[in-house]
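Before any comments, here is the structure.
Hydrogens, waters and symmetry mates play no part in the numbers below; they use all other heavy atoms, side chains included. In what follows, chains are A, B, ... by sequence order, proteins preceding strands, each numbered from 1.
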2 protein chains.
Amino acid sequence: MELDVKKTAIIFKAFCDENRIKILQLLSGGEKCACKLLKEMNITQPTLSHHMKILCDSGIVEGRKEGKWMHYSISKEGTEYARKCFDILTDTGCAIENQSCCE
Amino acid sequence: MELDVKKTAIIFKAFCDENRIKILQLLSGGEKCACKLLKEMNITQPTLSHHMKILCDSGIVEGRKEGKWMHYSISKEGTEYARKCFDILTDTGCAIENQSCCE
DNA sequence: ATAACATATTGACATTTTTCTATTTGTTGC
DNA sequence: GCAACAAATAGAAAAATGTCAATATGTTAT
């Protein structure tokens, strides 16, 4: 796979803010409604909405609207794609090539 | 494993900037000297130094000093730890629990 | 239609991050 | 010691991000 640098940066923005990490923890294990997330987080409603947008833009989280409620969950597709990006970026290479020199 | 939220945010900062992603791409497949990275990136030397610090702080990259040169490479230990954090945060849970309700 | 509620958007402000130039530190070879 | 080079640090400016209060939008029940 060819890595899309811009897209990759957007994906991993999901994981580089403490509040978003807490939200992902709350979502791990199952779907949750925004109002429930709000109760468990120490932030205002617009701030939660802002973070949920970043999480959805990353593809890691997906939203499902049901009446006036928004239900969020971890996206399997999104996380699979993110994992591929992670794998590409953390390839440690083969040992024989693992030497650089600046003679 | 219990997730360290602060540490996790620091780890994934490595992946959420376009220049750092390019650096990781350059490092994938083997160790490289800072001066080589500098030639291939379109940034100044202090900016590269700044990004290398963030990458090393994340644990994803490790540096090795040899004379006046710094050699950087992807850290196997660091990436293994990061992968564990990623796995925890992208657990989609079991299907039976995957429903939330706000009655 | 209107009231009540859940969520999104707007706009402002503070903080953090990115980037640069200039300088400093550390290393090598003369 | 001194010149040359590699990398780190300091400090400043610009850009991006996180946060909130206020407001708007959309949905449900009366």
Side-chain angles (χ1 to χ4, degrees), chain A residues 5-27 31-58 60-73 99-103, chain B residues 5-27 31-58 60-73 99-103:
Chain A
V5 173
K6 270 187 197 177
K7 202 170 168 182
T8 305
I10 290 168
I11 289 168
F12 287 99
K13 283 213 167 64
F15 304 94
C16 68
D17 174 88
E18 288 189 35
N19 280 325
R20 287 196 289 272
I21 291 169
K22 283 178 198 158
I23 292 167
L24 289 173
Q25 281 185 302
L26 291 172
L27 292 180
E31 189 183 65
K32 273 202 176 163
C33 172
C35 56
K36 262 190 189 160
L37 292 173
L38 185 59
K39 275 171 204 153
E40 305 196 54
M41 298 288 301
N42 222 7
I43 52 177
T44 62
Q45 181 270 318
T47 300
L48 177 66
S49 197
H50 163 76
H51 286 304
M52 296 322 292
K53 178 157 175 41
I54 290 169
L55 286 168
C56 288
D57 286 350
S58 77
I60 299 295
V61 168
E62 59 194 349
R64 180 174 66 84
K65 191 167 188 178
E66 194 182 299
K68 48 183 174 174
W69 293 287
M70 271 305 286
H71 300 267
Y72 291 105
S73 58
Q99 302 238 48
S100 61
C101 64
C102 282
E103 79 294 337
Chain B
V5 174
K6 270 184 196 177
K7 203 170 167 182
T8 305
I10 290 168
I11 289 168
F12 287 99
K13 283 212 166 64
F15 303 94
C16 69
D17 173 88
E18 288 189 35
N19 279 324
R20 288 195 288 274
I21 292 169
K22 283 177 199 158
I23 293 166
L24 290 173
Q25 282 185 301
L26 291 172
L27 292 180
E31 190 182 64
K32 274 202 176 163
C33 171
C35 56
K36 260 189 192 164
L37 293 172
L38 186 58
K39 275 172 205 154
E40 305 196 54
M41 299 288 301
N42 222 7
I43 53 178
T44 62
Q45 181 270 318
T47 300
L48 177 66
S49 197
H50 162 77
H51 286 304
M52 295 323 292
K53 178 157 174 41
I54 290 169
L55 286 168
C56 289
D57 286 350
S58 77
I60 298 296
V61 168
E62 58 193 350
R64 179 174 66 85
K65 191 167 187 179
E66 195 182 298
K68 48 182 173 174
W69 294 287
M70 272 305 285
H71 299 267
Y72 292 104
S73 58
Q99 303 237 48
S100 60
C101 65
C102 281
E103 79 293 337

Item to complete: In whole angstrom, give the distance that lies between atom CG of A:Leu55 and atom P of D:dT17.
Response: 14 Å
Worksheet item: What integer distance in Å separates B:Ile23:CD1 from D:dA7:P?
Response: 13 Å
Worksheet entry | Length of the line joining B:Leu48:CG and D:dT9:P, which is rounded to integer Å | 13 Å
Response to the item:
To the nearest angstrom, the NZ-C1' distance between B:Lys53 and D:dA10 comes to 14 Å
Worksheet item: Separation of A:Leu38 atom CG from D:dT19 atom C1', in whole Å?
Response: 14 Å
Worksheet item: How many angstroms lie between CD in B:Gln45 and SG in B:Cys35, if you round to the nearest 0.5 Å?
Response: 10.5 Å
Worksheet, complete the sentence: Rounded to the nearest 0.5 Å, the CG atom of A:Leu55 sits from the NE2 atom of A:His50 at a distance of 9.5 Å
Practice prompt. For A:Ser58, check side chain to side chain contact (heavy atoms under 4.5 Å, CB included) against everything at least two apart and list the hits.
Written response: A:Ala14, A:Ile60
Item to complete: Could you pull out all residues at least two apart from B:Lys68 that satisfy salt bridge (Lys or Arg N to Asp or Glu O under 4.0 Å)?
Response: none
Practice prompt. Mind checking side-chain hydrogen bond (donor to acceptor under 3.5 Å, both in side chains) for A:Glu18 and listing every partner two or more places apart, or none if nothing turns up?
Written response: none
Worksheet item: Between B:Met52 (CE) and D:dT9 (C1'), how many Å, whole number?
Response: 17 Å
Fill in: Atom-to-atom span, CG of B:Asp57 to P of C:dT17 - whole angstrom
12 Å
Practice prompt. Assign a letter to each nucleotide of nucleotides 20-30 of chain D from its 5' end: B, base within under 4.0 Å of a protein heavy atom; S, sugar-phosphate only; -, no contact.
Written response: BBB---SSS--
Worksheet item: Of all of residues 7-18 of chain A, which get a heavy atom below 4.0 angstrom from DNA chain C, listed by number?
Response: none
Worksheet, complete the sentence: Residues passing the side-chain hydrogen bond (donor to acceptor under 3.5 Å, both in side chains) test with A:Thr44, sequence neighbours excluded, are A:Thr47
Practice prompt. Quick one: list whatever passes salt bridge (Lys or Arg N to Asp or Glu O under 4.0 Å) with A:Lys7, sequence neighbours left out.
Written response: none
Worksheet item: Axis-to-axis angle across the helix from C:dA1-D:dT30 to C:dC30-D:dG1, five pairs an end, to 10 degrees?
Response: 30°
Practice prompt. Using side-chain hydrogen bond (donor to acceptor under 3.5 Å, both in side chains) as the criterion, list what pairs up with A:His51, not counting sequence neighbours.
Written response: A:Arg20
Practice prompt. Hey, could you give me the NZ/CG distance between B:Lys22 and B:Asp17, rounded to the nearest 0.5 Å?
Written response: 9.0 Å
Discussion item. Under the rule for side chain to side chain contact (heavy atoms under 4.5 Å, CB included), what residues qualify as partners of A:Leu26, not counting sequence neighbours?
Written reply: A:Lys32, A:Leu37, A:Glu40, A:Met41
Worksheet item: How would you label the contact of A:Ile54 with the nucleic acid (heavy atoms, under 4.0 Å): base, sugar-phosphate, or nothing?
Response: sugar-phosphate
Worksheet item: For C:dT17, does OP1 or OP2 lie under 4.0 Å from any side-chain N or O of B:His51?
Response: no
Worksheet item: In chain order, what residues pass the side-chain hydrogen bond (donor to acceptor under 3.5 Å, both in side chains) check against B:Gln25, with sequence neighbours excluded?
Response: none
Practice prompt. Please state how far atom CG in A:Asn19 lies from atom P in D:dT17, giving the value in whole angstrom units.
Written response: 16 Å
